[in-house]
Each structure stands twice: as C-alpha cells, then as structure tokens.
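Report on the structure given below.
Along the sequence shown, the residues carry numbers beginning at 1.
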Amino acid sequence: MPTGINCLRSFLVMGLCALFLSGCETGSPVSAAEAVAEKYYQTLKNQDFAGAAGFFIAGERSRGQWQQELEEYHGKLGVLQEAKLTNTLVNTVFSGRRYILTYRVKYANFPATETLIMFEPVSGESILIETINVMSRGL
C-alpha cells in the first residue's frame, strides 16, 4: 500500500517528466526548418557547394571548411539525386529552437542517412544548420 510520501514522490516525478517533455516536440510541423533544408538539398543537387556552405553557422568551422567537407563527401558518394525526410524532432531551448531533421538521401554512388541539426534563435535570425551527420558505407 503506497504511503503519502510515495504518492507525493510519484506525482513529483510525473510532474517533472511532463515539464521536461513539454520542451520537446516530436512529429510537429516544422515547415520553416524543412523549407531551409529543402533549399540546402536543392543547392547541393546543383553542385553549388559554396552556396550550400552558406546554410551553415560559421562558428568553429568557417564556411570555407564546410564547403570543403561537402565537396569531399560528395566526391565519394556521387551526385545528389534525392533527399526524403524521414524523421523530425524539435527541442525548444532557452535561446531558441533546435530542429533535428533526418533524411534518407540517394546519391549516384551510395545511399546515405543524413541528420541536419538546425537552430533558430529567439532573436528571429534565420534558421541555419549547426552540423550535419552523414552515415554511408561510401565514406
């Protein structure tokens, strides 16, 4: 039989879980982030690597370094043919929103799974890509 302290503890744990989960949204429409990702992939399809590098936040890596990285992995995987969104996760943080979009990408030589981590600051600045994770047997 639960005691009063155990019931209180259970309610406290459930309340904390609800609070933490309220900051994370899954499956919600993220059309602005998806639109940025669509433009990014269209730019890559056109093999405009300098333009694609412009979608990244220039921080620890410069846009020139992003361009070089994009050119390197596209050199191995081949020309981008198609990118399909397979999963979306949105996390609201104090400074803005972080979008994690996963794509199944078809290249001429190898398929890949790519995860774009994007950020939208509360200041209203543009949504930019923080980083990308490319998983393929071709790399």
Side-chain angles (χ1 to χ4, degrees):
M1 184 165 137
T3 64
I5 292 176
N6 286 340
C7 285
L8 182 59
R9 188 177 304 156
S10 295
F11 284 120
L12 181 61
V13 169
M14 289 185 336
L16 286 173
C17 288
L19 179 65
F20 288 129
L21 289 175
S22 68
C24 298
E25 305 167 27
T26 57
S28 64
V30 290
S31 56
E34 289 174 15
V36 170
E38 182 66 32
K39 290 176 188 175
Y40 164 75
Y41 280 115
Q42 187 59 49
T43 304
L44 285 178
K45 228 180 217 186
N46 296 334
Q47 297 185 22
D48 177 5
F49 299 110
F55 285 91
F56 286 85
I57 295 173
E60 290 181 21
R61 292 185 193 172
S62 69
R63 293 222 164 91
Q65 289 170 315
W66 280 117
Q67 179 180 345
Q68 183 179 9
E69 186 174 320
L70 293 171
E71 288 172 351
E72 286 175 7
Y73 83 73
H74 281 91
K76 295 175 184 176
L77 299 176
V79 176
L80 176 74
Q81 297 176 339
E82 180 180 46
K84 288 190 177 186
L85 182 64
T86 60
N87 193 33
T88 303
L89 176 69
V90 181
N91 187 9
T92 302
V93 294
F94 181 71
S95 55
R97 282 188 174 204
R98 183 160 285 115
Y99 301 91
I100 303 171
L101 307 177
T102 304
Y103 286 84
R104 186 175 51 240
V105 185
K106 183 177 176 184
Y107 289 95
N109 300 336
F110 296 97
T113 299
E114 297 184 4
T115 303
L116 301 175
I117 300 175
M118 307 170 83
F119 186 69
E120 177 182 25
V122 292
S123 63
E125 295 174 41
S126 299
I127 298 171
L128 292 173
I129 301 169
E130 287 183 309
T131 192
I132 184 170
N133 180 16
V134 181
M135 295 180 4
S136 174
R137 60 188 166 94
L139 295 177

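Atoms CZ and CG, from R104 and N87 in turn, are 11.5 Å apart once rounded to the nearest 0.5 Å. To the nearest 0.5 Å, atom CD of residue Q68 and atom OG of residue S62 are 9.0 Å apart. In this structure, the separation between OH on Y73 and CG on L139 is 8.5 Å, given to the nearest 0.5 Å. Atoms OH and CG, from Y99 and L89 in turn, are 11.5 Å apart once rounded to the nearest 0.5 Å. Here the CD atom belonging to E34 is positioned 12.0 Å from the OH atom belonging to Y41, to the nearest 0.5 angstrom.
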Donor-acceptor pairs are to be reported for all side-chain atoms of residues 126-134 against protein atoms at under 3.5 Å, with residues two or more places apart or in another chain.
| from | atom 1 | to | atom 2 | distance (Å) |
| --- | --- | --- | --- | --- |
| E130 | OE1 | R98 | NE | 2.8 |
| E130 | OE2 | R98 | NH2 | 3.1 |

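Closest non-hydrogen pair, A52 versus T43, comes out as N-CG2, 3.4 Å. The nearest pair of heavy atoms linking E125 to E120 is O-CG, 4.4 Å. The two residues Q81 and K45 come nearest to each other via the heavy atoms O-CE, 3.0 Å. Looking at every heavy atom in both residues, L77 comes nearest to S136 through CD2-OG, 3.3 Å. Among all heavy-atom pairs drawn from A37 and L116, the shortest one is CB-CD1, 3.8 Å. For the residue pair L85 and T102, the shortest heavy atom distance occurs at CD1-O, 3.5 Å.
Using modelled atom types and a 3.5 Å distance limit, the side chains of E71 and Q67 yield a donor-acceptor pair.
A perpendicular orientation is assigned to the rings of Y40 and F56, their planes being inclined by more than 60° (bins at 30° and 60°).
Partners of F119 by ring-ring contact (aromatic ring centres under 6.0 Å, His included), not counting sequence neighbours: none found.
Within the 4.5 Å cutoff, no side-chain heavy atoms of N109 are placed close to those of K76. Residues N91 and I100 form no side-chain contact, since every pair of their non-hydrogen atoms from C-beta on lies 4.5 Å or further apart.
K84 places no side-chain N or O within 3.5 Å of a backbone atom of V105 that could act as its donor or acceptor partner.
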